[in-house]
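My questions all concern the structure below.
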Amino acid sequence: MGRLDISRRHLLGVAAATGALSLARGVAPVLAQALERTPGEILGPFYPVLRPADPGADLTTLAGRPGRAAGQLIHVMGRVLSVEGQPVRNARVELWQANTHGRYSHPSDTNPAPLDPNFNGFAVQTTDTEGRYRFKTIKPGAYPATPTWMRPPHLHFEVTGRVNRVITQMYFPGESLNDKDLLLQNIRANRQGVIAKVLPPTRDLEPESLIVVWDVVLDKG
Ligand SMILES: [Fe+2]
């Protein structure tokens, strides 16, 4: 079995897990297991004020620049769902993040880490009919929130459905800084809901890239 098969099986497993809930709801509503809502977090001080003209799904290049953003290439993808497992179509998914050095393209960021001329760190997408979203970006670096507190790598999200909105942060699994992060550890309900799964790339993607799978669960959608 090749890597492609394994990766496909991983992705199919994720899809099957969410699809099974929809099926279960139709056949036996009493047995349907509700999903847990994605917990919210603070907007943070670096919500973008300087936005690219065309904030599409690919954050790794900027219009008019030949270079690519520095850092580990990642493809972040998942679905926006209601607690009943129904896809939330046309949800607005905003992503903002630090660069590979842990620096935001934001005038309030006093971190002396370098800016990346090929990276702005903001994008927005609308989910499709299956509730899916997808971004190509780089894994952000850790950065100091205070002299004694390093934030682990994370992506900021604002997800707006028809009824509900969540402002939150997505984390990478297995990061040692996760265990010490005041914001992540302060989440009491469904902390695992903000930690993504990381998979190897499928053959159609860059061999050095990673797939990051993360679903967002809104209450009604
Ligand atoms: Fe942040």
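Just follow the structure's listing: the first ligand is 1, and inside any ligand the first atom is 1. The basis for the numbers below is simple: all heavy atoms, side chains too, and nothing from hydrogens, waters or symmetry mates.
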Are any of the side-chain heavy atoms of Gln97 and Phe135 separated by less than 4.5 Å?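 No - every pair of side-chain heavy atoms lies 4.5 Å or more apart.
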
Mind reading off the angle at the Fe ion (ligand 1) between the NE2 atom of His154 and the NE2 atom of His156, rounded to 10°?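 Answer comes to 90°, rounded to 10°.
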
Beyond-backbone contact of Met170 with Val212, side-chain heavy atoms, under 4.5 angstrom: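 Yes, close enough: below the 4.5 Å cut-off.
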
Trp149 versus Leu183: any side-chain heavy-atom pair under 4.5 Å?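 Yes, side chains in contact.
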
The Fe ion (ligand 1) to nearest N/O/S of Tyr104 less than 2.8 Å: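 A backbone or side-chain N, O or S atom of Tyr104 is under 2.8 Å from the Fe ion (ligand 1).
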
Would one find more than 12 heavy atoms of other residues, nucleotides or ligands at under 6.0 Å from atom CZ of Arg191?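 Result for CZ/Arg191: enclosed.
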
Gln97 near the Fe ion (ligand 1): N/O/S under 2.8 Å: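 No, Gln97 does not qualify, because none of its backbone or side-chain N, O or S atoms lies under 2.8 Å.
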
